[in-house]
Undergrad: 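First, the structure itself, so that you have it in front of you.
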Protein chains: 2
Amino acid sequence: MKLTTKSEYSLLALTYLARHQKRGYIRMEDIADQYGISKKYLEQIFISLKQARYITTKTGAGGGYKLTIPADQISLAEIIRLMDGALAPTVAASKYFFEHTPLEKEEKIMQVFKEIRDYISGKVEGMKISDLV
Amino acid sequence: MKLTTKSEYSLLALTYLARHQKRGYIRMEDIADQYGISKKYLEQIFISLKQARYITTKTGAGGGYKLTIPADQISLAEIIRLMDGALAPTVAASKYFFEHTPLEKEEKIMQVFKEIRDYISGKVEGMKISDLV
DNA sequence: ATATTGTCTATCAAAATTATAGACTAATCA
DNA sequence: TGATTAGTCTATAATTTTGATAGACAATAT
């Protein structure tokens, strides 16, 4: 029932970028140090975030990363879905990542998981990176 | 944010046992067939459920599995915790499976995840196998 | 030029997930 | 009693996911 570090680190990194926006470009190493995360691992996460257009980068001295989208327009939901997929406890109960599983045969269980899905969605759709700063 | 098949299959199997209680001992193969699950894989799941005293078994013809605990006294929460661990989206927000992670540095995120944890707990603690039948 | 910082591609180790195999044990019942 | 049925136990294996590491390269600033 868990998120992976990809989601976790993404949320941390984006929060850090939002918090230090006025400093302009932020070095990856600052973020890695701040949270005690592997720099090289974080790099790969940043590449995904960049491809998804959440951040832009600048190479060289004084370079680093910064947000391209206002922090109040980035929901936790979209970051978690990008990194980890379904918010629902099982894909059989997922809207965006639906797949068939044996669980579908049991309607009552499905109902429980859909309610959990809806609660989680509501929570993390409504919550923005700016709310975390 | 997902459960594994161990939790899913456990819930399915216990629901099936509860539903067919009056038939006495139920063969593993019946359950495997019903849901299209590997028999051998289900076997291992049953061993865990047996060790945790949810079911008893009987070998030989006419044998199989049955519940030892009334279905209305088995919550989904305990089965999921047994099979998959934490209900919380991250162990940093878990009561039973707490571990330190970098996420702890961000209180607002932690707050969100704790609220999700509490919702999920409330939901699956309150829901019993008998409610699924 | 040189130091700084990100990019890209490959690769890898460990763990978790999802099984499969097969010999063994216990119970039934004909 | 012996054939059949059904669970037990232990090992191992395939695949995927997770969480990283390595190193050559490219862009920028001073």
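The structure presented is a predicted model; accordingly, all values stated were derived computationally and were not measured. Order of the sequence lines sets the chain letters (A, B, ...), proteins ahead of strands, with each chain counted from 1.
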Undergrad: Between B:Ile31 (CD1) and D:dA6 (P), how many Å, whole number?
TA: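 For the pair B:Ile31 CD1 and D:dA6 P, the rounded distance is 13 Å.
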Undergrad: Could you check whether the rings of B:His100 and B:Phe98 sit parallel, tilted or perpendicular, using 30° and 60° as the cut-offs?
TA: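 B:His100 and B:Phe98: perpendicular rings.
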Undergrad: Can you name the closest pair of heavy atoms from B:Tyr119 and A:Glu115 and give their distance?
TA: OH-O, 3.6 Å
Undergrad: Are A:Phe46 and A:Tyr65 near enough that their ring centres are under 6.0 Å apart?
TA: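 Yes, close enough.
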Undergrad: Taking the nucleotide of DNA chain D with the nearest heavy atom to each, does B:Tyr65 or A:Lys39 sit closer to the 5' end?
TA: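 Mapping each residue to its closest nucleotide by heavy atoms, the 5'-most match is B:Tyr65.
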Undergrad: Output the rounded distance in Å from CZ (B:Arg27) to P (C:dT28).
TA: 16 Å
Undergrad: Just the rounded figure in Å: distance from P of D:dT21 to CD1 of A:Ile37.
TA: 12 Å
Undergrad: Between C:dT5 and A:Thr57, is there an OP1 or OP2 to side-chain N/O distance shorter than 4.0 Å?
TA: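 Checking C:dT5 against A:Thr57, no side-chain N or O comes under 4.0 Å of OP1 or OP2.
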Undergrad: Please work out which of the three classes, parallel, tilted or perpendicular, describes the rings of A:Tyr9 and A:Tyr41, given edges at 30° and 60°.
TA: perpendicular
Undergrad: Summarise how protein sits on nucleotides 8-13 of chain C as a single string, 5' to 3': B when a protein heavy atom is under 4.0 Å from the base, S for sugar-phosphate-only contact, - for no contact.
TA: B-B---
Undergrad: For B:Met28 and D:dT5, give me the distance from atom CE to atom P, rounded to whole Å.
TA: 15 Å
Undergrad: When the distance from OH of A:Tyr41 to C1' of D:dA22 is rounded to whole Å, what number comes out?
TA: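 A:Tyr41 atom OH is separated from D:dA22 atom C1' by 17 Å.
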Undergrad: Within this structure, what is the CZ-to-P distance between B:Phe46 and C:dT18, rounded to whole angstrom?
TA: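 Result: 17 Å.
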Undergrad: A:Thr4 side chain: which of D:dG19, D:dA29, D:dA6 is closest?
TA: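 For the A:Thr4 side chain, the nearest candidate turns out to be D:dG19.
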Undergrad: Between the side chains of A:Ser48 and A:Gln51, does any donor sit under 3.5 Å from an acceptor?
TA: no
Undergrad: Identify, between A:Thr59 and A:Leu42, the residue whose nearest nucleotide on DNA chain D lies closer to the 5' end.
TA: A:Leu42
Undergrad: Considering only side-chain heavy atoms of B:Lys58, which listed nucleotide, D:dG7, C:dT28, D:dT28, is closest?
TA: C:dT28
Undergrad: Rounded to whole angstrom units, what separation is found between the CD1 atom of B:Ile55 and the C1' atom of D:dA6?
TA: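 Distance, rounded to whole Å: 14 Å.
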Undergrad: Any side-chain heavy atom of A:Ile109 sitting closer than 4.5 Å to one from A:Thr90?
TA: no
Undergrad: Side chain of B:Ser38 only, please: which of D:dG7, D:dT21, C:dT20 is the nearest?
TA: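 Looking only at side-chain atoms, B:Ser38 lies closest to C:dT20.
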Undergrad: Taking atom types as modelled, find out whether A:Thr57 and A:Lys50 have a side-chain donor-acceptor pair closer than 3.5 angstrom.
TA: yes
Undergrad: For B:Lys6 and C:dA15, give me the distance from atom NZ to atom C1', rounded to whole Å.
TA: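 That distance rounds to 12 Å.
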